[in-house]
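Below is one structure; the comments refer to it alone.
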4 protein chains.
Amino acid sequence: MRREQILRGARACFRRKGFHAASTAEISAEAGVSVANLYQYFPTKDHLIKALIEEDLTSDLDLVGMVEAAGSFRRGLEMTTQLVLADPAMTDDGLLRLEVLAEASRNPEIAAVVREADDHLVAALGALIVRYQNSGEIHPEINAADAARLIVSLYDGLIGRLAFGAAAETELVAAADSFIVRALAAVRAVPDPDM
Amino acid sequence: MRREQILRGARACFRRKGFHAASTAEISAEAGVSVANLYQYFPTKDHLIKALIEEDLTSDLDLVGMVEAAGSFRRGLEMTTQLVLADPAMTDDGLLRLEVLAEASRNPEIAAVVREADDHLVAALGALIVRYQNSGEIHPEINAADAARLIVSLYDGLIGRLAFGAAAETELVAAADSFIVRALAAVRAVPDPDM
Amino acid sequence: MRREQILRGARACFRRKGFHAASTAEISAEAGVSVANLYQYFPTKDHLIKALIEEDLTSDLDLVGMVEAAGSFRRGLEMTTQLVLADPAMTDDGLLRLEVLAEASRNPEIAAVVREADDHLVAALGALIVRYQNSGEIHPEINAADAARLIVSLYDGLIGRLAFGAAAETELVAAADSFIVRALAAVRAVPDPDM
Amino acid sequence: MRREQILRGARACFRRKGFHAASTAEISAEAGVSVANLYQYFPTKDHLIKALIEEDLTSDLDLVGMVEAAGSFRRGLEMTTQLVLADPAMTDDGLLRLEVLAEASRNPEIAAVVREADDHLVAALGALIVRYQNSGEIHPEINAADAARLIVSLYDGLIGRLAFGAAAETELVAAADSFIVRALAAVRAVPDPDM
DNA sequence: GATGAATGAGGGTTCATTCAT
DNA sequence: TATGAATGAACCCTCATTCAT
């Protein structure tokens with residue numbers, strides 16, 4: 001209850017200001033809690049950051065479920081891309097991911113958390129790719145784990161474009177789908193007009 | 001002279017701690033300069049950050065020149081990928097890019113700087129892609145600008161992986177080349193064993 | 001409680017050094033409080049200055065009450081003069097008034113506070129003068145408000161003499177009383193030996 | 001030459017900001033001189049302040065000359081009052097006097113300078129008063145030195161009113177003349193409508 | 001005589017964190 | 001559990017002053 005309330009406030013502040021610039025005072029205010037109370041749930045600002053990051057990373061796995069449920073790789077990809085890169089409710093979370101990666105590059109503890117989540121994500125997406133290799137939609141000689149990593153990386157990179165407000169993203173999102181599909185496709189596809 | 005000296009010190013500190021956590025005291029110490037002296041060259045810490053970012057972004061254009069000079073798209077790509085993602089001297093700069101993007105997502109002034117640099121980079125890389133479309137190495141119906149954006153995004157995303165120390169990056173870097181080449185290739189290529 | 005404690009410390013420091021030369025560190029030390037704590041009561045050094053000034057100005061009104069209670073204008077004047085210009089406990093506050101006026105000449109917000117307090121003071125003293133005009137002690141054709149302003153100004157000016165330690169002030173204080181009385185008297189008084 | 005130039009710049013800055021808030025950088029800029037150059041003429045900011053104060057105080061003596069030249073005490077008084085309190089070119093200097101007095105209350109060295117100038121001023125004005133006592137315009141039993149001190153003090157106090165922008169000063173200035181004249185007059189004067 | 005470059009010392013302010021209640 | 005009050009340590013920045021040229 002209180003914990004979630006605080007995490008929600010923290011998320012809002014971290015998005016707006018970044019981990020370092022957001023103060024515990026701001027966070028408690030946003031959460032409607034006293035500063036001292038915050039410290040009863042999280043012994044340190046760093047713990048709060050870490051808890052938030054863990055929460056975020058876990059939710060990434062849900063996306064793989066979506067691709068899985070979609071029936072075709074391409075269709076699942078399209079749905080995910082839409083959600084992650086074009087849904088305003090999620091792009092905010094995406095931007096926070098930049099902060100997380102930046103932080104991970106300096107804080108080994110956070111790097112470990114991110115790495116572990118990445119392992120899970122790559123494993124799940126890799127398994128899915130293998131399935132689509134078996135169904136013939138994806139080329140069989142492609143290394144599934146690497147493909148998974150590259151797809152995730154491309155998403156991350158596109159989120160980076162949101163950060164500086166790059167225009168025409170909608171169009172680019174569609175192009176990204178085709179890009180991935182063509183890179184993995186079992187058979188030569190005519191490039192579609194999106195690209 | 002002094003300016004460069006300070007920028008060098010700032011770069012080292014920002015890499016190590018991030019823009020917000022690096023103090024002007026640390027930066028001046030690292031640069032071998034007094035704090036007050038730093039302020040004679042940069043009126044504000046933000047100005048220092050901005051100057052550094054501008055410097056970094058400009059240097060990205062050099063990479064396009066490399067791809068251009070390589071003769072074949074694939075070969076140019078391989079050289080660039082090696083340099084950006086595997087050369088220890090450059091990956092550090094790469095990590096700073098995450099910080100830059102995170103900052104851009106909050107600071108419109110910095111977002112503008114990044115956006116402008118991105119425009120230049122995409123234009124240069126796009127022009128190169130058009131050239132390889134004409135030479136038959138890249139599929140003619142692909143939108144060159146979008147392809148450029150996707151390539152840059154993939155690089156950015158892979159840099160994100162460096163942030164949390166993802167293993168086997170060398171292998172992944174090679175896979176990335178193939179991924180891009182296959183996505184853009186004019187003719188169906190047999191996926192190579194890298195992927 | 002703490003607020004008063006801080007204001008007391010501030011008053012001492014401001015007297016000793018002036019508004020600008022007194023540091024928040026000194027003030028907190030004098031008040032026996034941490035610097036950070038000071039900032040929980042006054043969001044800014046300027047707020048602290050303003051609060052102190054308001055406090056001081058309000059207390060000036062008490063003096064008018066004294067003149068009122070004295071029964072005769074001359075006697076009331078003598079008591080007030082003694083208090084303001086010769087009582088060591090008050091001359092310190094008086095010196096602070098110079099700082100306040102100097103500050104008011106540059107800071108419109110403080111000027112407004114001083115002006116308002118002056119309006120009150122002049123109104124109160126003016127009303128008293130009217131009373132003594134009716135009782136015949138003060139000449140009836142004198143403009144009471146202007147007279148009030150001039151009396152207050154003379155006090156201010158005499159305080160200025162304290163600032164540079166002008167000698168023989170005791171004697172001068174007595175002379176001031178006669179000066180005022182003679183300027184306002186209804187009938188020609190023989191100048192007394194004080195002047 | 002240079003010295004005067006610097007003093008002029010300093011005067012402007014001190015007026016605008018006060019002694020402590022005006023920086024040597026600002027002063028040199030205002031004077032069109034480099035900071036280092038300033039230090040060749042004044043070894044310390046305090047020396048600069050002191051020099052300026054001395055310059056200002058000396059000029060006060062000129063005013064006594066005016067009263068002297070006017071022929072009648074009242075007429076001389078009126079001219080002086082006009083000049084000091086109503087001439088925009090001089091009120092600025094007047095405001096600086098508040099700063100000087102405030103500074104004198106803390107800095108004994110400056111207090112000494114002010115005291116000495118005051119002695120001269122009081123002596124000159126006192127001598128003049130004696131002359132008008134002899135001519136019958138001023139009551140013979142009044143202590144001339146004290147009267148001089150009180151007149152100067154009243155001026156100082158009225159300058160204080162300028163600091164907070166008190167309204168209707170023109171009218172008050174006239175009332176001040178009458179106030180002084182009545183306080184010193186040899187014979188009962190009907191209070192004039194100014195008061 | 002004149003200046004650009006340099007700096008130690010400090011100034012106001014904020015922050016993460018603690019603790020008594 | 002919840003909080004208001006408190007603080008040491010830093011942070012960004014500015015200032016008066018010096019010195020090599």
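The chains referred to below are lettered A, B, ... by the order of the sequence lines, with proteins before strands, and numbering in each begins at 1. Values below: every heavy atom of this structure, side chains too, minus hydrogens, waters and symmetry copies.
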What I'd like to find out is whether the side chain of D:Ile49 reaches to under 4.5 Å of the side chain of D:Asp46, using heavy atoms alone.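 Yes, their side chains come closer than 4.5 Å.
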What is the minimum heavy-atom distance between [X] and [Y], and which atoms define it?
{"X": "A:Ala104", "Y": "B:Phe164", "result": "CB-CB, 4.2 Å"}
{"X": "C:Ser28", "Y": "C:Leu38", "result": "OG-CD1, 3.9 Å"}
{"X": "D:Val35", "Y": "D:Ala25", "result": "CG2-CA, 4.0 Å"}

How long is the line joining [atom1] of [X] and [atom2] of [N], in whole Å?
{"X": "B:Glu4", "N": "E:dA5", "atom1": "CD", "atom2": "C1'", "result": "16 Å"}
{"X": "B:His47", "N": "F:dC12", "atom1": "NE2", "atom2": "C1'", "result": "14 Å"}
{"X": "B:Phe42", "N": "F:dC12", "atom1": "CZ", "atom2": "C1'", "result": "16 Å"}
{"X": "C:Met1", "N": "F:dG4", "atom1": "CE", "atom2": "C1'", "result": "16 Å"}
{"X": "B:Leu38", "N": "F:dT14", "atom1": "CG", "atom2": "P", "result": "12 Å"}
{"X": "A:Leu48", "N": "E:dC15", "atom1": "CG", "atom2": "P", "result": "15 Å"}
{"X": "C:Ile6", "N": "F:dT7", "atom1": "CD1", "atom2": "C1'", "result": "13 Å"}

Enumerate the residue pairs fulfilling ring pair (Phe, Tyr, Trp, His ring centres under 6.0 Å) with a member in residues 16-44 of chain D, sequence neighbours excluded, ordered by first and then second residue.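 Sorted result for residues 16-44 of chain D: D:Phe14-D:Phe19.
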Can a side chain N or O of [X] be found less than 4.0 Å away from OP1 or OP2 on [N]?
{"X": "A:Asn37", "N": "F:dT3", "result": "yes"}
{"X": "D:Arg2", "N": "E:dA2", "result": "yes"}
{"X": "C:Tyr41", "N": "F:dA5", "result": "no"}

Which letter, B, S or -, goes with each nucleotide of nucleotides 15-21 of chain F from 5' to 3', with contact meaning a protein heavy atom under 4.0 Å? BBBBB--
Between the side chains of C:Asp56 and C:Arg11, is the shortest nitrogen-to-carboxylate-oxygen separation below 4.0 Å, so that they form an ion pair?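 Judged by the 4.0 Å cut-off on N to carboxylate O distance, C:Arg11 and C:Asp56 do form a salt bridge.
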Carboxylate-amine/guanidinium contact B:Asp156 A:Arg161, below 4.0 Å: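 Salt bridge flag = no for A:Arg161 with B:Asp156.
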Using the rule side-chain contact (heavy atoms from CB on, under 4.5 Å), only one of C:Asp93, C:Thr91, C:Leu98 pairs with C:Leu95; which is it?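 When C:Asp93, C:Thr91, C:Leu98 are each tested with C:Leu95, the side-chain contact (heavy atoms from CB on, under 4.5 Å) holds only for C:Leu98.
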A:Ile53: which of A:Thr58, A:Asn107, A:Val100 passes side-chain contact (heavy atoms from CB on, under 4.5 Å):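 With A:Ile53 as partner, side-chain contact (heavy atoms from CB on, under 4.5 Å) holds for just one option, A:Val100.
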Using a 3.5 Å limit for the pairing distances, which stems of at least 3 consecutive Watson-Crick or G-U wobble pairs does DNA chain E take part in?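 Counting only runs of 3 or more consecutive pairs, the stems involving DNA chain E are E:2-21 with F:2-21.
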